[in-house]
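Just so it is clear, the model here is predicted, and its values are computed rather than measured.
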Amino acid sequence: MGNLEGKVAIVTGAGRGIGQQIAKKLAEQGAKVAVVDLKAEWCEETVGLVKAAGSEAIGLGCNVAESADVDATVKAVIAQFGTVDIMVNNAGITKDGLLMRMSDEDWDAVLNVNLKGTFLFTRAVSRPMMKNKAADGTSAGGSIINIASVVGIMGNAGQANYTASKGGVIALTKTTAKELGSRNVRCNAVAPGFIQSKMTDVLPEDVKKAYMDTIPLKRFGTAEDIAKCVAFLAGPDASYITGQIISVNGGMIG
Ligand code: NAI
């Protein structure tokens, strides 16, 4: 039996990349997973992986930046699985450019998905999580895990919108932990370093080499490296951890 047996998880941006690996890892540990991505059909591959891991899944199309969409998604998950125990706010986008030339549209788009989307799902799951009860009647609460970024801690030229959104996610994580802690709802963030993915595959070779020079472990991270940390934070082994930002970056920054 896995650590997360019987738990219900929502993972946003789970159609591919890091979110897909998170959904798979949570399923391997026994969680039922609601796979959320912009379009329902983008969720199908991940739903298949969750089922192949022996767990239950539903795929739901949802724009995390739209309040009504988010509320309807959480409602659908509760209708299907009864509650929500684990929330992983992973959906994220980049629209890079120097801040002098950054358009209002590119600023708003990134803040709306990365930061507002995280807020909307956190708000929507907080009440059902606070009501969760363990078999002995004590509060079972829940675990919210936000995917931030190393650049939300250190800044990065050309990413004013993205770094601000991830810095905001870090602050939101700490506030959520303070507001919901008394009801046993924990909230932590994982700050990945350079992770091999479709988002980073498109970077020029010289940029990739410059990053590699800053990584003591001398390899880029994998989506599974992030998924393992998320699964730990989701489960009972992390029951006294909240309000923390866990860097998973090969030692890139302390
Ligand atoms: P990805 O681009 O491969 O996957 C992101 C997923 O989010 C996609 O399936 C996409 O359709 C979905 N998505 C985008 N906008 C959405 C919206 N409005 N509503 C619902 N779903 C939406 O990206 P990757 O690399 O897997 O990144 C996942 C998370 O990890 C993001 O939050 C990203 O900022 C973060 N991250 C990634 C790093 C990397 O090196 N790849 C490093 C640090 C953080």
Side-chain angles (χ1 to χ4, degrees), residues 2 4-93 109 112-134 139-147 169 172 176 179-180 183-187 227 230-231 233-235:
L4 305 177
E5 207 65 44
K7 298 289 181 191
V8 177
I10 299 176
V11 185
T12 66
R16 67 178 203 190
I18 294 171
Q20 182 174 70
Q21 287 306 309
I22 292 170
K24 185 168 167 261
K25 184 65 70 190
L26 297 178
E28 283 166 2
Q29 303 214 355
K32 300 169 193 167
V33 185
V35 176
V36 173
D37 211 302
L38 262 178
K39 296 208 164 100
E41 57 268 32
W42 296 356
C43 302
E44 280 166 19
E45 188 178 301
T46 309
V47 165
L49 291 172
V50 170
K51 289 184 176 163
S55 193
E56 292 175 49
I58 46 166
L60 297 163
C62 165
N63 182 348
V64 302
E66 294 292 336
S67 186
D69 245 18
V70 170
D71 291 347
T73 300
V74 172
K75 237 178 152 174
V77 174
I78 292 173
Q80 176 82 15
F81 293 134
T83 188
V84 185
D85 304 288
I86 299 159
M87 176 73 231
V88 185
N89 287 302
N90 166 79
I93 59 168
N112 280 338
V113 174
N114 299 7
L115 182 55
K116 189 179 176 197
T118 301
F119 158 67
L120 290 176
F121 260 106
T122 299
R123 186 177 64 182
V125 299
S126 57
R127 205 180 298 273
M129 280 188 176
M130 287 192 300
K131 286 195 200 150
N132 282 335
K133 290 266 178 284
S139 170
S143 178
I144 301 168
I145 298 127
N146 299 327
I147 306 301
V169 164
L172 176 62
T176 305
E179 285 198 21
L180 304 183
R183 307 297 290 272
N184 203 22
V185 176
R186 298 179 295 106
C187 182
V230 170
L233 289 171

Under a 3.5 Å distance rule, please check whether [X] uses its side chain to pair with a backbone N or O of [Y] as donor and acceptor.
X      : Y      : result
Glu5   : Gly2   : yes
Asp37  : Trp42  : no
Asn90  : Gly13  : yes
Ser139 : Asn184 : no

Subject >> Whether over 12 other heavy atoms sit under 6.0 Å from Lys131 NZ >> reply: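 Open: at most 12 neighbouring heavy atoms sit under 6.0 Å from NZ of Lys131.
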Subject >> Summary of side-chain hydrogen bond (donor to acceptor under 3.5 Å, both in side chains) pairs that have at least one residue in residues 52-69, sequence neighbours excluded >> reply: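 Applying side-chain hydrogen bond (donor to acceptor under 3.5 Å, both in side chains) to every pair that reaches into residues 52-69, excluding sequence neighbours, yields Ser67-Arg123.
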Original post:
Quick one: side-chain hydrogen bond (donor to acceptor under 3.5 Å, both in side chains) partners of Ser143, sequence neighbours excluded?
Top reply: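 Applying side-chain hydrogen bond (donor to acceptor under 3.5 Å, both in side chains) to Ser143 gives none.
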Subject >> Counterpart residues, side-chain hydrogen bond (donor to acceptor under 3.5 Å, both in side chains), relative to Asp85 (two or more places apart) >> reply: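 Applying side-chain hydrogen bond (donor to acceptor under 3.5 Å, both in side chains) to Asp85 gives Asn132.
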When rounded to the nearest 0.5 angstrom, what distance separates [atom1] in [X] from [atom2] in [Y]?
X     : Y     : atom1 : atom2 : result
Lys25 : Ile18 : NZ    : CD1   : 14.0 Å
Leu49 : Gln20 : CG    : CD    : 5.0 Å
Leu26 : Gln21 : CG    : CD    : 11.0 Å
Lys7  : Thr83 : NZ    : OG1   : 9.0 Å
Thr12 : Ile10 : OG1   : CD1   : 9.0 Å
Gln29 : Ile86 : CD    : CD1   : 9.0 Å

Original post:
Can you list every salt bridge (Lys or Arg N to Asp or Glu O under 4.0 Å) pair that touches residues 38-49, not counting sequence neighbours?
Top reply: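 Listed by first then second residue: nothing to list.
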With heavy-atom distances below 4.5 Å as the criterion, would you say the side chains of [X] and [Y] are in contact?
X      : Y      : result
Cys187 : Asn146 : yes
Val230 : Val11  : no
Ile58  : Phe81  : yes

Output a table of donor-acceptor pairs, distance under 3.5 Å, between side-chain atoms of residues 113-120 and any protein atom two or more places apart or on a different chain; print 'none' if there are none.
from	atom 1	to	atom 2	distance (Å)
Asn114	OD1	Ile93	N	2.9
Asn114	ND2	Ile93	O	3.1
Asn114	ND2	Ser165	OG	3.1
Thr118	OG1	Asn114	O	2.7

Original post:
Could you walk me through whether Gln80 and Lys32 pass the side-chain contact (heavy atoms from CB on, under 4.5 Å) check?
Top reply: CA-CA 10 Å; Gln80 176 82 15; Lys32 300 169 193 167; over 6 Å; no
**OP:** Work out which heavy atom in Gly61 is nearest to a heavy atom in Thr73; give both atom names and the distance.
**Re:**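 Smallest interatomic distance, heavy atoms only, reads O-OG1, 4.4 Å.
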Subject >> All salt bridge (Lys or Arg N to Asp or Glu O under 4.0 Å) counterparts of Lys24, not counting sequence neighbours >> reply: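 Scan of Lys24 (salt bridge (Lys or Arg N to Asp or Glu O under 4.0 Å), adjacent residues dropped) gives Glu28.
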**OP:** Quick one: do Leu180 and Ile144 satisfy side-chain contact (heavy atoms from CB on, under 4.5 Å)? Show the steps, please.
**Re:** CA-CA 10 Å; Leu180 304 183; Ile144 301 168; 4.3 Å; yes
